[in-house]
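Quick notes on the structure that follows.
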Amino acid sequence: MKKAALITFTSCFGCSFEFLNLRDNLLKVFEKLDFVDFKLVQERNVEGYDLVFIEGGISRKNEIPEIRGIRKRAKVLVALGACACNGCVMTLKNYRKDAEKQVYGKNFFGSLPVKGIDAYVKVDHYLRGCPFFRHELLSLVKSLLIGKKWKEKDYDVCMECRKRDNDCFLDGGEPCLGPISRAGCKAICPTNEYPCVGCRGLAEDRNLDRFLKVIREMMEKKDIKKKLEMYGLYDKIKVEEAWKKLK
Ligand code: SF4
Ligand code: SF4
Ligand code: SF4
């Protein structure tokens with residue numbers, strides 16, 4: 001049986017709980033994988049792992065050698081959830097001076113700007129979203145077990161949204177990040193009448209130029225920036241020509 005682990009860095013533990021929420025499917029996963037290290041289940045000392053899921057981003061110095069050590073001992077390493085993929089909502093602190101001092105006061109201990117784990121180690125697969133999506137996890141595990149190639153979606157959320165015949169927020173003059181966000185969530189937010197906020201990161205196949213022109217008619221540039229900061233998209237977009245040209 002393959003040795004697996006779910007190891008947690010800076011996060012809310014929501015992805016660990018979401019893993020347990022797999023219910024019947026969880027038993028099927030546990031039948032195939034021996035979870036030697038999973039805080040909510042059990043922890044055993046082993047030399048190496050066939051498969052490691054990492055939950056959480058990197059926000060403290062001590063986490064850097066830790067994640068590098070795990071990478072050395074893992075055959076396959078998966079970033080599980082938005083925190084591990086791109087730092088998630090915790091990256092908000094990267095944009096706010098003194099955020100930590102305001103929250104922790106005198107107990108302020110200092111931390112690094114929050115980053116996804118691929119800032120420090122090579123990631124083999126990404127299971128994006130806050131939390132990750134169960135159907136993607138199951139399809140990845142199945143593919144790995146049978147030695148089949150697994151590829152995440154590279155197109156945007158709008159493609160999935162249109163298939164569901166949802167009314168479009170942008171058509172109604174409401175901002176929605178679907179056109180630049182990576183699909184794979186089956187457009188769960190717009191389907192439930194919430195605009196997309198980009199928790200799955202940027203779609204590779206995106207038209208940023210066109211999206212910014214449309215959304216600029218609804219919002220000031222500073223407010224677009226705030227929207228993009230929520231899930232760390234701003235860091236990637238601010239270097240693109242389309243953003244630099246936006247007035
Ligand atoms: S991705 Fe979301 S649910 Fe998962 S650990 Fe991070 S904040 Fe929690
Ligand atoms: S509602 Fe959002 S995700 Fe859906 S089609 Fe419109 S812009 Fe795209
Ligand atoms: S619709 Fe957008 S915010 Fe909602 S889960 Fe999908 S990518 Fe994340």
Distance check, rounded to the nearest 0.5 Å: [X] atom [atom1] versus [Y] atom [atom2]?
X      : Y      : atom1 : atom2 : value
Ile180 : Leu233 : CD1   : CG    : 5.5 Å
Phe211 : Ile224 : CZ    : CD1   : 7.5 Å
Leu92  : Glu229 : CG    : CD    : 7.0 Å
Arg68  : Lys72  : CZ    : NZ    : 8.5 Å
Leu22  : His135 : CG    : NE2   : 12.0 Å
Tyr49  : Asp37  : OH    : CG    : 4.5 Å

Grab the two heavy atoms, one from [X] and one from [Y], that are nearest each other, plus how far apart they are.
X      : Y      : result
Ala242 : Asp209 : CB-OD1, 3.6 Å
Ala4   : Leu33  : CB-CB, 4.0 Å
Ala74  : Val52  : CB-CG2, 3.6 Å

Applied to residues 73-84, the salt bridge (Lys or Arg N to Asp or Glu O under 4.0 Å) test, sequence neighbours excluded, yields Asp50-Lys75

What pairs of residues pass the salt bridge (Lys or Arg N to Asp or Glu O under 4.0 Å) test when at least one of them lies in residues 6-18, not counting sequence neighbours?
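For residues 6-18, and leaving out neighbouring residues, the salt bridge (Lys or Arg N to Asp or Glu O under 4.0 Å) pairs sorted by first residue read Glu18-Arg134.
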
Is the side chain of Asp34 donor-acceptor paired with the backbone N or O of Lys3 at a distance under 3.5 Å, no angle test?
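Absent.
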
Any donor-acceptor N/O pair, Asn62 side chain to Pro65 backbone, under 3.5 Å:
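Not at all, since once roles are kept as given, no pair shorter than 3.5 Å links the two residues.
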
Considering residues at least two apart in sequence or located in another chain, which fulfil the side-chain contact (heavy atoms from CB on, under 4.5 Å) criterion with [X]?
X      : answer
Asp223 : Met219, Glu220, Lys226
Val89  : Met230, Tyr231
Thr10  : Ser59, Arg60, Glu63, Met90
Phe13  : Thr8, Ser16, Phe17, Lys39, Leu40, Glu55

Does [X] [atom1] have over 12 foreign heavy atoms under 6.0 Å away?
X      : atom1 : result
Lys2   : NZ    : no
Ile188 : CD1   : no
Lys148 : NZ    : no

Report yes or no: do Val76 and Phe132 belong to one cluster of Ile/Leu/Val/Met/Phe/Trp/Tyr joined by side chain heavy-atom distances under 4.5 Å?
yes

Are Phe133 and Leu177 joined in one hydrophobic group, where the rule is that I, L, V, M, F, W and Y side chains link up if heavy atoms are under 4.5 Å apart?
no

Apply ring pair (Phe, Tyr, Trp, His ring centres under 6.0 Å) to Phe35 and list each qualifying residue two or more places apart in sequence or on a separate chain.
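Counting only residues at least two positions away or on another chain, Phe35 forms a ring pair (Phe, Tyr, Trp, His ring centres under 6.0 Å) with Phe19, Phe30, Phe38.
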
Does this structure show an ion pair linking Lys153 with Asp205, if we count only N-O contacts that are shorter than 4.0 Å?
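Result for this pair is no, no salt bridge flagged.
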
Apply side chain to side chain contact (heavy atoms under 4.5 Å, CB included) to the pair Ile237 and Leu208, showing each step before the final yes or no.
CA-CA 8 Å; Ile237 279 179; Leu208 185 62; 3.7 Å; yes

Atom pairs and distances, side-chain donor-acceptor, residues 138-147, under 3.5 Å, sequence neighbours left out:
from: Ser139; atom 1: OG; to: Trp150; atom 2: NE1; distance (Å): 2.7
from: Ser143; atom 1: OG; to: Ser139; atom 2: O; distance (Å): 2.9

Check for me whether Lys236 meets the cation-pi criterion with Trp243, that is, NZ or CZ under 6.0 Å from the six-membered ring centre and within 45 degrees of the ring axis.
no

Quick one: side chains of residues 194-202, donor-acceptor pairs under 3.5 Å with protein atoms, not counting sequence neighbours, listed by atom name and distance.
from: Arg200; atom 1: NE; to: Arg182; atom 2: O; distance (Å): 3.1
from: Arg200; atom 1: NE; to: Ala183; atom 2: O; distance (Å): 3.2
from: Arg200; atom 1: NH1; to: Arg128; atom 2: O; distance (Å): 3.0
from: Arg200; atom 1: NH1; to: Glu136; atom 2: OE1; distance (Å): 3.0
from: Arg200; atom 1: NH2; to: Glu136; atom 2: OE1; distance (Å): 3.1
from: Arg200; atom 1: NH2; to: Glu136; atom 2: OE2; distance (Å): 3.1
from: Arg200; atom 1: NH2; to: Ala183; atom 2: O; distance (Å): 2.9

Quiz: residues 164-175 side-chain donor-acceptor pairs under 3.5 angstrom, not counting sequence neighbours:
from: Arg164; atom 1: NE; to: Lys186; atom 2: O; distance (Å): 3.4
from: Arg164; atom 1: NH1; to: Glu160; atom 2: O; distance (Å): 3.1
from: Asn166; atom 1: ND2; to: Thr191; atom 2: OG1; distance (Å): 3.1

Begin with the C-alpha distance, continue with both residues' side-chain angles, and end with the deciding distance and a verdict on side chain to side chain contact (heavy atoms under 4.5 Å, CB included) for Val78 and His125.
CA-CA 5 Å; Val78 178; His125 296 289; 4.2 Å; yes

Rest of the hydrophobic cluster containing Val239 (Ile/Leu/Val/Met/Phe/Trp/Tyr, side-chain heavy atoms under 4.5 Å)?
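Its cluster partners, ordered by chain and number, are none at all.
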
If you apply the rule side chain to side chain contact (heavy atoms under 4.5 Å, CB included), what do you find for Leu80 with Leu137, and how did you get there?
CA-CA 9 Å; Leu80 183 73; Leu137 174 108; 3.9 Å; yes

Pairs of donor and acceptor atoms involving the side chains of residues 111-119, under 3.5 Å and at least two apart or interchain, shall be tabulated with distances.
from: Ser111; atom 1: OG; to: Lys93; atom 2: NZ; distance (Å): 3.0
from: Ser111; atom 1: OG; to: Glu100; atom 2: OE1; distance (Å): 3.4
from: Ser111; atom 1: OG; to: Glu100; atom 2: OE2; distance (Å): 2.5
from: Asp118; atom 1: OD2; to: Tyr126; atom 2: OH; distance (Å): 2.7

